Structures are given as structure tokens and as C-alpha cells.
There are 2 protein chains.
Amino acid sequence: MNKNKRVTSYDVAEAAGVSQSAVSRVFLKGRSVSKKTREKVLATAKELGYKPNAIARMLITKRSGMVAVILSSRANLNYPEVLSLLNKRLSAKNERVLLFNLDDADGLDDILEQIWTFQVDGVIALAAHFDNDSINQFKDHNIPVVLYNRRASGHSASSVCCNHEQGLTELVSLLDDNNHKSYLIVGGPEQSDVAQERLDCSINALAQKGHHKVPVRYGDYSYESGRLAFAEWMQKNKAPTAVICGNDTMAIGVIDEARENFGLNVPEDLSVVGFDGVSAVAWHSYRLTTVKQPLEQMTKAAVDILLEQIESPDNPAQLRVWSGTLIPGNTVAPAKDES
Amino acid sequence: MNKNKRVTSYDVAEAAGVSQSAVSRVFLKGRSVSKKTREKVLATAKELGYKPNAIARMLITKRSGMVAVILSSRANLNYPEVLSLLNKRLSAKNERVLLFNLDDADGLDDILEQIWTFQVDGVIALAAHFDNDSINQFKDHNIPVVLYNRRASGHSASSVCCNHEQGLTELVSLLDDNNHKSYLIVGGPEQSDVAQERLDCSINALAQKGHHKVPVRYGDYSYESGRLAFAEWMQKNKAPTAVICGNDTMAIGVIDEARENFGLNVPEDLSVVGFDGVSAVAWHSYRLTTVKQPLEQMTKAAVDILLEQIESPDNPAQLRVWSGTLIPGNTVAPAKDES
DNA sequence: TTGTATGCGTTATCAA
DNA sequence: TTGATAACGCATACAA
């Protein structure tokens with residue numbers, strides 16, 4: 001038990017009576033080592049408690065074995081699941097996750113700074129605040145990046161996205177088929193690109209069905225903000241018959257607010273739809289009608305694309321888009337006749 | 001834009017007409033550098049796009065600036081919040097989070113292996129599977145570790161815990177005060193130490209109030225498992241008047257199952273309590289009576305203790321325990337007279 | 001298959 | 001305050 005000094009490959013080499021490079025080769029796969037020395041080295045390594053130093057290895061191989069994952073805490077409620085899946089898939093490919101939390105835009109420079117110095121092999125970005133300028137910096141630094149649910153303008157970075165347009169078109173069609181004419185949209189945070197895209201898609205889909213000038217309120221993706229948005233709307237306006245929400249959590253907030261403070265039954269008096277397909281949408285009290293993102297496929301693609309770009313940096317950036325799955329739920333019903 | 005070669009301190013030194021060590025000193029605080037050379041170096045560094053290589057720095061300073069955070073995806077629902085807080089506090093102290101997911105016990109050796117090689121400065125462990133043997137390995141490797149909601153036997157590692165005993169005693173007292181006599185416990189996964197501790201505390205607290213041989217069913221902390229546990233119990237037994245759950249998510253599952261499939265009203269027919277204080281307990285349909293863990297304080301303490309141990313490895317391990325806060329909620333009511 | 005020698009990009013030490 | 005030089009612990013080209 002050497003307390004003060006780490007065991008190095010030299011120590012093992014000396015104890016095993018071989019050269020340092022022999023030790024090094026034993027711990028790399030695909031190098032030619034005789035069975036005899038391999039066993040000898042492995043034995044003494046175990047005895048001395050030797051573990052290769054990944055830091056030194058990084059320095060020489062110029063691969064850190066680490067991928068930076070950037071996320072914002074206030075992003076969608078499904079991010080824990082996404083993070084967990086990404087981590088699992090990356091470690092299967094022998095890459096570790098170095099975590100970065102981006103909550104206010106002014107922290108961005110800090111984070112980018114750290115990413116450069118840490119020599120990560122690649123970046124997966126789920127964060128809300130992320131302008132094209134920042135994305136281009138990755139290109140300058142020659143480090144592959146995959147955007148998650150965020151499209152890069154131009155071809156500067158690869159993206160893995162859920163098809164918000166398709167999902168929202170389905171949701172809107174469903175509402176329209178149920179004869180809804182009076183809508184309210186509760187959008188996510190205005191700085192968020194995903195939120196903005198969902199909002200645009202909602203508005204377009206509604207317009208295609210002939211519903212124009214649909215009012216919009218904004219929340220921050222949280223339950224409370226959903227309640228608040230609906231309450232504020234109701235203070236000065238009459239109730240819509242359908243609410244389209246920027247994510248599931250706000251939708252649940254809208255449902256609760258409508259039921260508790262305005263005596264509205266969902267879905268009889270008010271239809272509500274969300275987006276994401278978080279686990280709580282299956283809870284009995286809500287059974288939210290929503291669109292589920294294919295997290296399994298999306299996270300797998302994100303990792304695959306990133307590793308491909310790491311291996312072949314000159315490959316062109318690619319965009320992969322996945323359709324969401326409509327979850328019928330129980331929060332949409334035919335609009336009551338208003339006449 | 002050097003595409004193929006990273007800019008090093010030598011490049012900057014040459015361009016600025018100073019020595020490499022001068023460049024190095026400029027990027028370290030507290031070193032003596034004249035204002036003149038500092039400015040010159042900073043300017044050319046910016047011009048060339050130089051960023052110090054953290055890997056090389058790690059190798060020489062023997063500090064990686066990384067803390068390993070180990071967690072299991074099936075652990076408590078509040079882990080995402082914990083992770084986010086830990087990340088925030090650690091980056092404030094200039095440490096990055098290297099994430100490890102420990103889902104099956106046999107992955108443990110792999111993870112430990114990686115932790116040694118990555119030379120992390122310290123470890124924060126939230127994982128369920130974590131025996132004393134593994135904990136001792138950290139001591140052997142001379143790497144500080146703080147356990148989160150998991151007590152180390154002996155004094156091998158520091159711990160930050162929520163006082164489950166106090167919390168559950170409060171919950172049990174509340175139920176007992178409401179005259180409940182027929183209990184069911186829905187515990188968390190049997191391999192989880194936290195779940196086991198909560199279970200033991202529940203049983204002890206009940207025993208102190210004179211309730212013995214309380215039946216136990218097990219879930220895996222998920223909503224579905226809560227529903228299932230309650231449903232299975234009801235198949236062969238009569239309804240309890242109170243259910244004590246190992247976490248909030250299962251409690252919500254129990255509530256929904258009782259309401260939907262057994263026509264029980266909560267809290268009138270059935271009282272239910274949880275543990276954790278996740279955000280969903282505030283949702284209108286549940287208003288769960290539970291105990292909230294002081295995440296802010298616990299995560300702060302975990303980081304503070306860890307950094308202290310990193311600075312002074314000989315400091316003794318410490319244990320800090322925090323009381324939870326009873327959230328009254330709306331899922332406990334007086335027991336109906338059974339006579 | 002094995003060993004020697006060199007380099008990765010820093011920080012630390014010491015003399016100037 | 002500055003610069004030369006030696007680590008740090010490994011991988012790799014090359015010679016044997």
C-alpha cells in the first residue's frame with residue numbers, strides 16, 4: 001500500500017524485470033506481447049496495484065476519452081432520462097461524460113473555455129442558450145459537436161431532433177377534428193430554441209386548419225408556470241376550449257389550474273395537449289394527450305454520429321430527425337357547441 | 001486557424017519573445033509576472049488562440065480538477081435535482097463532474113477501475129449498490145469520497161445524510177395521532193441501502209407506537225411499482241388504512257391505484273405518506289404528505305466536505321445529518337372507525 | 001517480440 | 001522578475 005506515491009509503469013517494469021514499454025504494451029490491446037511476459041507483467045501489476053494513468057495517456061494520444069454534455073437545468077423535464085441514456089451509450093463506447101450546466105447565457109464563455117482546455121473528444125449540447133456563434137467556435141477548435149433537439153443553421157454541426165412539426169401537426173389535427181375553434185398556446189421560455197420551434201410549429205399547424213391569431217402565453221417549462229399562464233389568461237379573457245402547451249409539465253399545470261381554480265373539467269370543458277411524453281403523463285390523474293419523443297433512438301443516434309465525427313472529422317455534418325409518437329391519452333374531447 | 005496543430009505555450013512564447021515559463025506563469029494566479037510581459041503574453045495568446053492544456057497540467061500538478069459522481073438511474077426521482085445542484089456547486093469551486101452510472105452491481109468494478117485511472121480528485125457516491133468493501137478501496141487509493149444518503153460503517157468515509165429516522169418518526173406519529181391501526185409499508189428496492197434504512201426506520205417508529213408485524217411490499221421506486229405493490233396486496237388482503245411508502249413516486253402510484261382500481265378515496269378511506277419532497281408532491285391531484293430532504297444544504301455540505309478532504313487528506317471522516325421537513329399535504333386523515 | 005529513446009504540454013525548481 | 005531544465009507517466013518509432 002504505497003501511500004504517497006502512485007505506482008507507475010516503471011515500477012512494474014522494474015519489479016517484473018522487463019522494460020517500461022513492455023508494460024505499456026500489455027495494457028494496450030492489439031500489441032504484440034509474448035504470453036510469458038504478459039502474464040508476468042499482469043501478475044506484478046496486480047501485486048503492486050498498478051493502474052495505467054489515463055491523464056498521461058491522454059496527453060500522448062490526444063484523446064481524452066471524455067465527451068462534454070452541456071445541459072440547462074431548466075430545460076425539459078425529460079433531460080434526466082436523456083442524460084442517463086447518453087451516459088449509458090457513451091460508456092459502452094468507452095467514453096466518459098463530463099458534465100456542464102449552462103443556466104445563464106453569460107456562463108457560456110466560461111464553459112466553452114473549459115471545454116477547450118479539457119480537450120474533450122466531442123460535445124453533445126442540450127442547452128437552451130446556444131447561438132450559432134458558439135457553435136461555430138467548435139468548428140474553429142476542431143471539435144465535433146452534436147446538437148440535441150436544436151438545428152444548426154448551415155452545416156456547421158450535426159443535429160438529432162424530434163420532428164416537432166409532425167408532432168404538433170398531429171396534435172393540432174386531433175384538436176381540429178374535435179371541432180375546437182378557441183385556442184390558447186402556452187409556450188416554453190422565449191430564449192429556448194426548442195420552445196420557439198414548437199411555438200412556430202403550433203401556430204403554423206393551426207393556421208393551416210384555418211385558426212389564425214391564436215393567443216400565446218409563455219411559461220418556463222415548469223408546472224407552476226403552466227398554472228400561472230392559464231390563470232393570467234383567464235383573468236381577462238374567456239376560457240379557450242383547447243390549450244396547446246410547450247411541454248408536458250406545463251400542460252399538467254394548466255390542467256390542475258383549470259380544474260382547481262376555474263371549475264373546468266378536463267377534457268369535457270377543456271382539452272389540453274402537451275409535448276415530450278414524460279413518465280408523469282401516464283399518471284391516472286392526468287393521462288395527458290401528448291407526443292412522445294423517441295429518446296432511445298435519438299440518444300443512440302447522437303452518440304453514434306458523434307463518435308463517427310470523432311473518428312472521421314472530415315465527414316460532413318448530418319441531421320437526423322425522428323417522428324414523435326402520438327399518445328392519445330385522455331385530455332382531448334370534442335369541443336362543446338358554443339352557439 | 002491552425003487546423004492540425006494545437007497552439008502550445010511554446011508557440012506563444014516564441015511569438016511574444018519570452019520564455020515558455022513566462023507564458024505558463026501568466027496563466028497561473030499568484031505568480032510574479034511583470035505587468036508588461038503579462039500584457040504582451042496575453043495579447044499574443046489571444047491572437048494565436050492559445051488555451052492552456054488542462055491534461056498536461058493535470059499530469060504535473062496531480063490534480064485533475066474532476067470529481068466523479070456515481071449514481072444509479074433507478075435511484076430516487078430526486079437525483080436529477082441533486083446532480084444539478086452538485087454540478088453547480090462543484091463548478092463554483094472549479095471542479096468538473098465526471099459522471100458514472102452504476103446500474104448493476106457487476107459494473108461496479110469497471111467503474112472503480114476507471115475512477116482510479118482518471119485520477120479524479122474525489123468522489124461523491126449516490127449509488128444504491130455500494131458495499132463497504134468498495135468504500136475501503138477508495139481509502140487504499142487515497143482518494144476522498146463522500147457518501148450521499150448512505151452511512152459508511154466505521155470511519156472510512158464521510159457521509160451526508162437526511163435523517164430518515166426523524167422524518168419517518170414524524171410521519172408515523174402523524175398517522176398514529178390520526179388513530180391509524182392498520183398499516184402497509186411499500187419499501188424501495190431491497191438492494192438499496194437508503195431503501196433499507198427507510199424501511200427499518202418505519203418499522204421501528206411503528207413499533208414504538210405499538211404497531212407490530214406491519215406487512216411490507218417492495219417496489220423499485222417507480223410509479224408503476226407503487227401501483228403494483230398496492231394492487232398485489234389488495235388481491236389477498238383487506239385494505240389498510242394507512243400506507244407508508246419508500247419514496248414519493250411510489251406513494252403517488254399507490255394513491256392512483258387505490259383511487260382507480262379499488263374505489264378508495266385518499267385521504268378519507270386511505271392515508272398515504274411518501275418521502276423525498278419531489279416537485280410532483282405539490283401537484284393538485286396529489287398534495288402528498290411527505291418529508292422533504294434539504295437538498296440545498298445536503299449538496300452544499302457534500303461538496304464542502306469533499307473539498308476539505310481533498311485539501312487535507314488526513315482530516316478525519318465526518319458525518320453530517322440533516323432533518324427533513326414535514327410537508328403536511330393532504331393525504332392523511334383520521335382513520336375510519338373499524339368497529 | 002523486446003528494449004531504447006523521444007515526445008506529449010504543462011508546472012516546479014532553481015539559479016541568474 | 002525571468003529563463004533554463006527537469007519532472008509528470010505514458011505511448012510510439014525505431015533498432016535490435
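Computed from a prediction, not measured in an experiment: that's the story for all the values here. Residue numbering restarts at 1 for every chain, and letters A, B, ... go by the order of the sequence lines.
Contact annotation for A:R31: backbone-only contact, meaning every heavy-atom pair under 4.0 Å involves sugar-phosphate atoms and none involves a base. Among the heavy atoms of the strands, none lies under 4.0 Å from A:K35. Within the 4.0 angstrom heavy-atom criterion, base atoms lie near A:S32. Note on B:I55: nothing from the nucleic acid sits closer than 4.0 angstrom, heavy atoms only. At a threshold of 4.0 angstrom between heavy atoms, the contacts of A:V23 with the nucleic acid are absent. Backbone-only contact: A:Y50 has heavy atoms under 4.0 Å from sugar-phosphate atoms and none from a base. Among the protein residues, A:S21 comes within range of the nucleic acid bases, having at least one heavy atom under 4.0 Å from a base atom. Here A:S24 lies in heavy-atom contact (under 4.0 Å) with a base.
What you find for B:R150 and B:S159 is that their closest heavy atoms are O-OG, 3.1 Å.
For A:K36 and C:dT1, the shortest distance from a side-chain N or O to OP1 or OP2 is not below 4.0 Å. OP1 and OP2 of C:dT11 both lie 4.0 Å or more from every side-chain N or O belonging to B:T61. Look at A:S34 and you'll find a side-chain N or O under 4.0 angstrom from OP1 or OP2 of C:dT2. OP1 and OP2 of D:dG9 both lie 4.0 Å or more from every side-chain N or O belonging to A:S9.
In terms of modelled atom types and a separation under 3.5 Å, the side chain of A:S312 and the main chain of A:N315 share no donor-acceptor contact.
The base of D:dT2 lies outside donor-acceptor range of the side chain of B:T37, with no N or O pair under 3.5 Å.
Remark on DNA chain D: of its neighbouring residues B:L59 and B:Q20, the 5'-side contact belongs to B:Q20, judged by nearest-heavy-atom nucleotide. With DNA chain C read from its 5' end, the first of the two nearest nucleotides for A:Y10 and A:S19 is the one closest to A:S19.
Comparing D:dG3, C:dT11, D:dC10 by their nearest atom to the side chain of B:V18 picks out D:dG3.
Taking atom CD of residue A:Q119 and atom P of nucleotide C:dT10, one finds them 8 Å apart after rounding to whole Å. Between the CE atom of A:M58 and the P atom of D:dC10 there is a distance of 13 Å, given to the nearest Å.
A perpendicular orientation is assigned to the rings of B:Y50 and B:F27, their planes being inclined by more than 60° (bins at 30° and 60°).
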